[in-house]
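In listed order, ligands and their atoms are each counted from 1. Fair warning: this is a prediction, and the values are worked out from it, not measured in the lab.
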Amino acid sequence: MHPQDFHPENFARGAKHALDLEFYAGGCRLSLPVLLVRGAAAGKRLVVTAGVHGDEYEGVRTIFEIYRELDPRRMTGDLLAVPAANPPAFWNVSRTSPLDGGNLARVFPGDPAGPPTAAIAWYLDQRILACADLYLDLHSAGVRCLMPTLIGYHEPDAAARAAALVFGADVVWCHPSVAPGRTVSAAIARGMPALYTEARGAGRIHPEDLEVYTRGVRNLLRHLGILEGVPEAPPCRYHLRGDGNIDQSVAASRRGFLVPKVTLLEPVAAGQELGVLLDLHAEPLETFRAPCAGLVVLIHACPLVEAGEPLFLVTGIL
Ligand SMILES: [Zn+2]
């Protein structure tokens, strides 16, 4: 069906619906998979997306598991999910789209007349995010980087903060501001509480991360009253605060072989050495230092780095 014809309220209650939203953009035929679980009774709607970056798999699997386990006859409200939000990138095992090089997490709110990635953003925002009472975007660190398993929210939004704490991740990250172009910034522009996750990534699914994500989605469904019961959320161990924009992270000015000197969530002082870039004669090319005091929340785990790639991100503690 064309995205313009998709209205979740038109689907039968007490049932699961799997469909594809199909459209053309930039001369390419695109198809967005949608999984809708319509509760038997009316209630709130949780919207969950995964695969906004095509090389992040924890969220895809989480949506599959939750979709299979839910019983719509026992639900008050709906789950609306897009398990692979950027299908060209997903099938290409890449963060960005092979069709136009677009990063889907930088082009919201998108453009229906634009290139494929912008058109996908437009339809996701207009037809999927717009249907949410609470929005969750499941990311992870992708193939080349490493991040702790965490849930993030926009600091001024009390509803998002409450939902983030209910999710039950060890690390909660609050952002004073959210850069434009993201799914979360699009949801915020709609005045809607929005959350996102990160995890270890590296192109595989750690069982503990899958457990945190699936338990977290169940917790949010309970938090919204869509599922019965109370959330099972252990208190978080780290409540971080700071800019989460990895475009602003410490980056290499040239290609080389990275030797990190810190580990994830390690406290560092401003100016402390984070790692060194070597050439192929083992000579140091570049030394990377912490721009501020805080905890390390991102490390480029693949030793080979290209110029401009994010290598380290340091953030503060709430
Ligand atoms: Zn991502």
Side-chain angles (χ1 to χ4, degrees), residues 32-33 47-64 81-98 100-110 116-118 120-121 124-125 128-129 135-154 164 167 169 171-173 175 178-188 194-206 209-210 212-213 216-217 240 242-249 251 264 297-302 306 308-313 315:
L32 271 181
V47 169
V48 184
T49 53
V52 164
H53 292 128
D55 59 354
E56 302 172 1
Y57 304 109
E58 298 83 346
V60 181
R61 174 85 177 267
T62 296
I63 289 173
F64 290 164
V82 177
N86 193 351
F90 176 80
W91 291 116
N92 194 49
V93 199
S94 59
R95 178 175 172 84
T96 54
S97 174
D100 56 13
N103 179 344
L104 182 55
R106 298 294 182 274
V107 298
F108 275 79
T117 306
I120 290 171
L124 280 172
D125 182 43
I128 303 290
L129 269 59
Y135 171 58
L136 171 67
D137 192 15
L138 298 166
H139 286 254
S140 70
V143 173
R144 293 165 79 84
C145 289
L146 190 62
M147 292 185 81
T149 307
L150 64 86
I151 185 137
Y153 69 96
H154 187 213
F167 186 83
V171 179
V172 177
W173 196 1
H175 303 299
V178 175
R182 272 71 171 175
T183 52
V184 167
S185 58
I188 290 168
L195 305 171
Y196 76 95
T197 61
E198 295 288 357
R200 282 169 281 189
R204 58 207 66 187
I205 300 172
H206 289 269
D209 288 341
L210 181 62
V212 170
Y213 277 25
V217 173
L240 309 177
D243 193 346
N245 186 355
I246 67 164
D247 297 349
Q248 304 291 320
S249 56
L264 272 188
V297 286
L298 178 142
I299 297 175
H300 196 286
C302 175
E306 298 289 345
E309 276 196 287
L311 304 186
F312 302 96
L313 188 58
T315 195

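No side-chain heavy atom of Y153 sits less than 4.5 Å from a side-chain heavy atom of V184. Contact of the N86 side chain with the S97 side chain is registered, since non-hydrogen atoms from C-beta on lie closer than 4.5 Å.
D100 contributes a side-chain N or O that, together with a main-chain N or O of T117, makes up a donor-acceptor pair within less than 3.5 Å.
Relative orientation of the H175 and Y196 rings is parallel, given thresholds of 30° and 60° on the angle between their planes.
Remark: E58 CD to I63 CD1 distance equals 12.0 Å, nearest 0.5 Å. Taken from CD1 in I151 to CG in L136, the straight-line distance is 5.5 Å, to the nearest 0.5 Å.
Around the Zn ion (ligand 1), protein N, O or S atoms at less than 2.8 Å number 4.
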